[in-house]
There are 2 protein chains.
Amino acid sequence: MKDIAPKLIGLLKGGYCTPQLGRLGRTLREPVTTLQYNVKKLEREGVVHSYKAVFDYKKINEGHCTYLLINLEPSKYGEPEEVSQKIAKNPSVESVDVITGDYEIIVKLRCKDIDEYYAFVKQAIKQYGISKVISLTSLKQVKTEFVNCDN
Amino acid sequence: MKDIAPKLIGLLKGGYCTPQLGRLGRTLREPVTTLQYNVKKLEREGVVHSYKAVFDYKKINEGHCTYLLINLEPSKYGEPEEVSQKIAKNPSVESVDVITGDYEIIVKLRCKDIDEYYAFVKQAIKQYGISKVISLTSLKQVKTEFVNCDN
DNA sequence: GTTATTAATTGAATATTGTTCAATAAGGTC
DNA sequence: GACCTTATTGAACAATATTCAATTAATAAC
């Protein structure tokens, strides 16, 4: 066998998708050429960043979801963006934000299991100047990427 | 004019997209029929939930991003999922998780501005049995939906 | 290990969908 | 109003996806 699925999932995760003009046209009762024009405009203006697949993350070994509230070491405190960008490079990281309040950074992490999660946190504390991490582990993912998770 | 963009954005936010088999085929050097088969299988198995657009949220009036850490009133404490599902219905809500730790629910919210955010929080506290909300406001969105935000 | 059964791969034909292009209309500017 | 830019649209064309049937690979049964 070829086991194409993993490669497919990898590509569909961040692109390799496109809007369905025909279906949009039927729904909005507009000619496809009009929608074509409007879609291209949105792309040109940078309003649409990309088209991608949304997964049932449990089924692609990313079922363990954690929010990390991060404090930086004094030496890194002035540059939360730099640290954020480094963290963002990790493919298990769904989102990174520099935030107000008691913590500097919030990370949404998707791992296979608690072991992978623990490996990430250990490595993160070592590599980026992190002084403290509070982990909020998801017990139930109700909505993700604007999509309601059924079951 | 018709001002189709808002309708288009609404539909592309949660679907109306499809994988590009041809492009995938060229990249993976596989016949489209093989990929077709594999994609359909992933869909059938529920691995892929949907295909959607990712936006530059500032450009669609959802630039104000906040994480809400929520505590429930004693009367609702036993049913965080029910409350979560109600919160999830709001289209400004990107994600909802029931979590471990000092809070019961974490919500990722995307609003136009702080006024819209405040309106959401006021309404949420009234409607769902919420006793306390801590808001972590995003100062800089570095990565979103697995996509690195440039600039 | 051979046979039966199911799952996966593929090419060729077909159907569907998207793209280009040129005409027209609408909106804005002076 | 004259001009220029932006938006809408249909018809012809190009590209892409889908179906289907044949073949191969994997799995199960005996």
Side-chain angles (χ1 to χ4, degrees), chain A residues 1-63 91 112 145-147 150-151, chain B residues 1-63 91 112 145-147 150-151:
Chain A
M1 273 315 76
K2 287 196 170 178
D3 206 19
I4 288 166
K7 297 173 195 167
L8 215 43
I9 290 167
L11 293 178
L12 292 174
K13 215 177 240 178
Y16 286 90
C17 296
T18 193
Q20 299 178 287
L21 298 175
R23 199 148 79 86
L24 287 163
R26 262 169 268 133
T27 302
L28 298 177
R29 296 172 182 285
E30 298 287 352
V32 278
T33 36
T34 304
L35 296 176
Q36 164 95 316
Y37 177 85
N38 278 275
V39 165
K40 288 292 169 227
K41 187 163 171 272
L42 291 176
E43 293 173 0
R44 191 162 11 98
E45 290 168 345
V47 175
V48 173
H49 187 287
S50 53
Y51 306 95
K52 55 157 279 184
V54 178
F55 297 92
D56 181 334
Y57 290 98
K58 284 184 197 168
K59 292 182 177 165
I60 60 168
N61 276 340
E62 300 185 22
K112 184 188 177 185
E145 293 172 282
F146 292 104
V147 174
D150 20 30
N151 89 81
Chain B
M1 274 314 81
K2 287 195 169 180
D3 205 19
I4 288 166
K7 297 173 197 167
L8 213 43
I9 290 167
L11 294 178
L12 293 175
K13 216 178 240 177
Y16 286 90
C17 295
T18 192
Q20 299 178 287
L21 297 176
R23 198 147 81 87
L24 287 163
R26 261 169 267 133
T27 301
L28 297 177
R29 296 172 181 285
E30 298 287 349
V32 278
T33 36
T34 303
L35 296 175
Q36 164 95 315
Y37 177 86
N38 277 275
V39 165
K40 287 292 168 228
K41 186 163 171 269
L42 290 176
E43 293 173 358
R44 191 161 12 97
E45 290 167 345
V47 176
V48 173
H49 188 288
S50 53
Y51 307 95
K52 56 157 280 187
V54 178
F55 298 92
D56 181 335
Y57 290 98
K58 283 185 196 164
K59 291 182 177 165
I60 60 169
N61 276 340
E62 300 185 22
K112 184 187 176 187
E145 294 172 282
F146 293 103
V147 175
D150 21 30
N151 89 81

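Lettering of chains follows the sequences in order, A, B, ..., and the numbering in each one begins at 1.
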S.K.: List the atom of A:N38, the atom of B:A5, and the distance in Å for their closest heavy-atom pair.
M.R.: OD1-N, 4.4 Å
S.K.: So how far is it from A:R44 CZ to A:K41 NZ, rounded to the nearest 0.5 Å?
M.R.: 7.5 Å
S.K.: Measure the OG1-CZ distance between A:T34 and A:R29 for me, rounded to the nearest 0.5 Å.
M.R.: 15.0 Å
S.K.: Determine: side-chain N/O of B:Q36 to OP1/OP2 of D:dT18, distance under 4.0 Å, yes or no.
M.R.: yes
S.K.: For C:dA8 and B:Y37 - does any side-chain N or O of the residue sit under 4.0 Å from the phosphate oxygens OP1/OP2?
M.R.: yes
S.K.: Choose from C:dT10, C:dT9, D:dA17 the nucleotide whose nearest atom is closest to any side-chain atom of B:E30.
M.R.: C:dT10
S.K.: So, OP1 or OP2 of C:dT9: does either fall under 4.0 Å of a side-chain N or O from B:N38?
M.R.: yes
S.K.: Nearest 0.5 Å, what's the CG-CG distance between A:L12 and B:L42?
M.R.: 7.5 Å
S.K.: Of the options B:E62, B:E145, B:K112, which is the one that meets B:Y57 in a side-chain hydrogen bond (donor to acceptor under 3.5 Å, both in side chains)?
M.R.: B:E145
S.K.: What's the shortest heavy-atom distance between A:L24 and A:P19, and which atoms?
M.R.: CD1-CB, 4.2 Å
S.K.: Take the protein atom CG of B:L35 and the nucleotide atom C1' of C:dG11, then report the distance between them rounded to whole Å.
M.R.: 14 Å
S.K.: Using rotation axes that map the C1' atoms of four end pairs onto the next four (five pairs an end), what angle separates the end axes of the helix from C:dG1-D:dC30 to C:dC30-D:dG1, to 10°?
M.R.: 50°
S.K.: What is the separation between atom OH on A:Y16 and atom C1' on D:dA17, rounded to the nearest whole Å?
M.R.: 18 Å
S.K.: Rounded at 0.5 Å granularity, tell me how far CD1 in B:I4 sits from CG in A:L35.
M.R.: 5.5 Å
S.K.: Can you measure from CZ (B:F55) to OG (A:S50) and round to the nearest 0.5 angstrom?
M.R.: 10.0 Å
S.K.: Rounded to whole angstrom units, what separation is found between the CZ atom of A:R44 and the C1' atom of D:dT5?
M.R.: 12 Å
S.K.: Are there any protein N/O atoms within less than 3.5 Å of an N/O atom in nucleotides 12-14 of chain C, and if so, which ones and at what distance?
M.R.:
none

S.K.: Write down the distance between CG (A:D3) and P (D:dA25), rounded to a whole number of angstrom.
M.R.: 17 Å
S.K.: So, is B:K2 near the phosphate of D:dT8, with a side-chain N or O under 4.0 Å from OP1 or OP2?
M.R.: no
S.K.: Within the 4.0 Å heavy-atom criterion, would you say B:R26 contacts the bases, only the backbone, or no part of the nucleic acid?
M.R.: sugar-phosphate
S.K.: Quick check on D:dA17: is either OP1 or OP2 less than 4.0 Å from any side-chain nitrogen or oxygen of B:K40?
M.R.: no
S.K.: Can you figure out which of C:dG11, D:dT8, D:dA7 approaches the side chain of B:P31 most closely?
M.R.: C:dG11
S.K.: What's the CG-P distance between A:L21 and D:dG10, to the nearest Å?
M.R.: 15 Å
S.K.: Round to the nearest Å and state the distance from A:I4 atom CD1 to C:dA7 atom C1'.
M.R.: 13 Å
S.K.: Assess whether side-chain contact (heavy atoms from CB on, under 4.5 Å) is satisfied between A:K7 and B:T27, documenting all intermediate values.
M.R.: CA-CA 10 Å; A:K7 297 173 195 167; B:T27 301; over 6 Å; no
S.K.: Output the rounded distance in Å from CG (B:L24) to P (C:dT10).
M.R.: 15 Å
S.K.: Atom CD in B:E30, atom CD in B:Q36: separation rounded to 0.5 Å?
M.R.: 14.0 Å
S.K.: What is the distance, to the nearest angstrom, from the CD atom on A:E43 to the C1' atom on C:dG18?
M.R.: 13 Å
